[in-house]
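Numbering of ligands and ligand atoms starts at 1, following listing order. Throughout, residue positions are numbered sequentially from 1 according to the sequence presented. Values reported hereafter were calculated over all heavy atoms of this structure, with side chains retained and with hydrogens, waters and symmetry mates removed.
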Amino acid sequence: MAIITLLEAINQAIDQAMEKDESIVVFGEDAGFEGGVFRVTAGLQKKYGETRVFDTPIAESAIVGSAVGMAINGLKPIAEIQFDGFIFPGYTDLVTHAARMRNRSRGQFTVPMVLRLPHGGGIRALEHHSEALEVLFGSIPGLKVVTPSTPYDAKGLLLAAINDPDPVVFLEPKRIYRAGKQEVPAEMYEIPIGKAKVVKQGTDMTVVAWGSIVREVEKAVKLVEAEGISVEIIDLRTISPIDEETILNSVKKTGKFMVVTEAVKSYGPAAELITMVNEKAFFHLEAAPVRFTGFDITVPLARGEHYHFPQPEKIAAYIRKLAKARP
Ligand SMILES: Cc1ncc(C[n+]2csc(CCOP(=O)(O)OP(=O)(O)O)c2C)c(N)n1
């Protein structure tokens, strides 16, 4: 066991997977020599050489398209997009080829690729570098979408993604790449894709979050706990497919449901989760479900970030309001 950051856990997972499996290749803009814009793949080119770890042109369509071709032909690509806001040129190949190839070829070809994307905001980055685009990926049949909130989860989920026979989009919460450390087992292990985690048990309401927002919810819950409000926190871990069972079991117990996300409100991930709960646990609800999201605006510049992303004090205010709601 070593105590490491989320970023180091991702690096360790890739390193151990590459050591074991020679078919794994790693690439992206500056992902080779520099180890990526955040240095997630640092040291890997030195260890595995330029054939297995390499830089690409600034061409996301080529990155995703090459990954699809490699995956179909027996390699296991782990490709990096610098920020999720730069996925758009690569989105065509991700949707029309990576996601559909198994279906199109009637199972003859699968696309075992991992697409890593630093995700979300909170680091006062330049314009459009802080988007939360989980809906762009979560709404595409044929893609699995996961996002860790801890170093332990990052390693286990990434190893599960690498071993998955189908394409997995791995959203990395850049805000917490280096924000904390945790004990992570030295050996390889997997956390199953499609399973959410109850982070904290509670009885008054269920709050679902994922990625860096889980920490913000935890901070908010500390604030309201002193007031006697008991919150069950669920880390979604997998955006798609949604672990309906874990969420529904919790809502049936607590009777109240809230989603906290930095993604936009309209047509966003909170809407999907709340609809699912309305459809499947409506008669267990004691109040209308609540969503606390980013605003329906183009992601703000660094100066406005603080207002856009859910902050613990504001999350706590939403929790207090829902706690008071009566049928
Ligand atoms: C479509 C897209 N992908 C990635 C980026 C991120 N990005 C910003 S600057 C940069 C490197 C540019 O390198 P170069 O063209 O050599 O110009 P330099 O700034 O080094 O002079 C990258 C990859 C971007 N802005 N747009």
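- Ionic pairing of Glu34 and Arg39 is present here: one or more N-O contacts between side-chain nitrogen and carboxylate oxygen are shorter than 4.0 angstrom.
- In this structure, Lys195 pairs ionically with Asp243, as a charged nitrogen and a carboxylate oxygen lie closer than 4.0 Å.
- Under the 30°/60° scheme for interplanar angles, the aromatic rings of His129 and Phe86 are found to stand perpendicular.
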Review point. Given Gln16 and Lys155, is the side-chain hydrogen bond (donor to acceptor under 3.5 Å, both in side chains) satisfied, shown in steps?
Key: CA-CA 10 Å; Gln16 291 180 338; Lys155 181 172 176 183; 3.0 Å; yes

List, for ligand 1, each N/O atom that has a protein N/O partner under 3.5 Å away, with both atom names and the distance.
residue	atom	partner	partner atom	Å
ligand 1	3 (N)	Glu60	OE2	2.5

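- Each side-chain hydrogen bond (donor to acceptor under 3.5 Å, both in side chains) pair with one or both residues in residues 82-92, not counting sequence neighbours, would appear here, but there are none.
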Practice item. Could you please spell out the steps behind the salt bridge (charged side-chain N to carboxylate O under 4.0 Å, His left out) verdict for Lys280 and Glu244? Key: CA-CA 9 Å; Lys280 301 193 173 171; Glu244 296 185 357; 2.6 Å; yes

